[in-house]
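Please read the structure below before turning to the comments.
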Amino acid sequence: MWRASVLTLFPEMFPGPLGVSLAGKALAAKVWSLDAIDIRAHATDRHRTVDDTPAGGGPGMVMKADVLAKALDAIPNDDRPRLLMSPRGRPLTQGRVQDLARGPGAVILCGRFEGVDERLIEARKLEEVSLGDFVLSGGEVAALALLDACVRLIPGVMGKEASAAEESFSHGLLEYPQYTRPPVFEGLAIPEVLTSGDHARVEKWRQAEAERLTKERRPDLWAAYQARKNPEKGR
Ligand code: SAH
């Protein structure tokens, strides 16, 4: 079973959206498990303090290393990667998601306020993971997004495994456009090739469209894709 443990000040946010649809069914079927751990339960003082003012001054509060370490250390020692959701982390990619989904699960720490004491990250060797170049109010939504991306790749969660193999990023390209009935919508027809029944032509069209969209929208992905296809041309 793929196991997720999430450390948070808001355990009531879990499983949240992961309790419905395919992820929710798989959770109920014990294909994966989710343990939401209340960080505050590991505070030691009378007021259950989890944060304090930043050393050096400045606005906001910082999550305390000692409380977070206690919460992390209470999780039985296992070989799951320990992640910290953080805008300073390496941006999450489908490749990293695939690696995580193939592994035993993940332990995920969700920050709040100004973030966590740097010494905790160092002492517990946390891998900082970012959802993108924007700032959320807490790591919970980021953790839910990461878990959603991982869980749908666990065998038995998605209806058709093939749809995971063909989608955006799996070949380094964005996905081609999709259509379904009716054949004409507000005067717009489905491209003729898709209704031709000629599978070879359909494949060619899809590949060309995936390349066109990637080139237009994501020059960064396009450059990486070409470098992989023609390594001799790269420098
Ligand atoms: N002061 C910090 C932002 C803290 S936001 C800074 O400027 O870098 C509070 C928490 O939200 C963070 O500790 C982190 O857990 C989470 N968070 C915010 N943005 C995120 C992002 N882009 N990706 C992942 N987690 C994020």
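Note that ligands are numbered from 1 as they come in the structure, with each ligand's atoms numbered from 1 the same way. Both backbone and side-chain heavy atoms feed into the values below; hydrogens, waters and symmetry mates do not.
No N or O atom of Val129 sits closer than 3.5 Å to an N or O atom of ligand 1. Among the atoms of Phe134, some N or O lies under 3.5 angstrom from an N or O of ligand 1.
Between Gln207 and Leu173, some side-chain heavy-atom pair lies under the 4.5 Å cut-off. Side-chain contact between Val116 and Ile121: present, with at least one pair of heavy atoms (C-beta onward) separated by less than 4.5 Å.
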Practice prompt. Test Met13 against Val141 for side chain to side chain contact (heavy atoms under 4.5 Å, CB included), laying out the working first.
Written response: CA-CA 9 Å; Met13 287 178 74; Val141 168; 4.3 Å; yes

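Counting the atoms of ligand 1 from 1 in the order shown, those under 4.0 Å from a heavy atom of Gly139 are 11 (O), 15 (O), 16 (C). Atoms of ligand 1 found under 4.0 Å from any heavy atom of Glu114, numbered from 1 in the order shown, are 1 (N), 2 (C), 4 (C). Below 4.0 Å from some heavy atom of Ala142 lie the following atoms of ligand 1, by number and element: 24 (C), 25 (N). Proximity to Gly115 (heavy-atom distance under 4.0 Å) selects the following atoms of ligand 1: 13 (O).
Salt bridge absent: Glu127 and Arg90 never bring a charged side-chain N and a carboxylate O closer than 4.0 Å. Salt bridge Arg3/Asp78: present, at least one basic N to carboxylate O contact under 4.0 Å. The pair Glu216-Arg212 counts as a salt bridge, with a side-chain nitrogen and a carboxylate oxygen less than 4.0 angstrom apart.
Closest to atom 23 (N) of ligand 1, if we only count protein heavy atoms, is Leu131 N, 3.0 Å. For atom 4 (C) of ligand 1, the nearest non-hydrogen atom of the protein is Phe113 O, 3.4 Å. The protein non-hydrogen atom at the shortest distance from atom 14 (C) of ligand 1 is Met85 O, 3.1 Å. Looking from atom 24 (C) of ligand 1 to the surrounding protein, the closest heavy atom is Ser86 N, 3.3 Å.
Residue nearest to atom 6 (C) of ligand 1, selected from Pro54, Ala143, Pro87: Pro87 (by heavy-atom distance). The closest non-hydrogen atom to atom 18 (C) of ligand 1, taken over Leu136, Val141, Asp133, comes from Leu136. Heavy-atom proximity to atom 10 (C) of ligand 1, evaluated over Pro59, Gly111, Pro91, is greatest for Gly111.
In this structure, the side chain of Asn230 does not engage the main chain of Glu232 through any donor-acceptor pair within 3.5 Å. In this structure, the side chain of Trp2 engages the main chain of Leu100 through a donor-acceptor pair within 3.5 Å.
For the residue pair His42 and Ala74, the shortest heavy atom distance occurs at CE1-CB, 3.6 Å.
For the pair Val116 and ligand 1, no heavy-atom separation below 4.0 Å is found.
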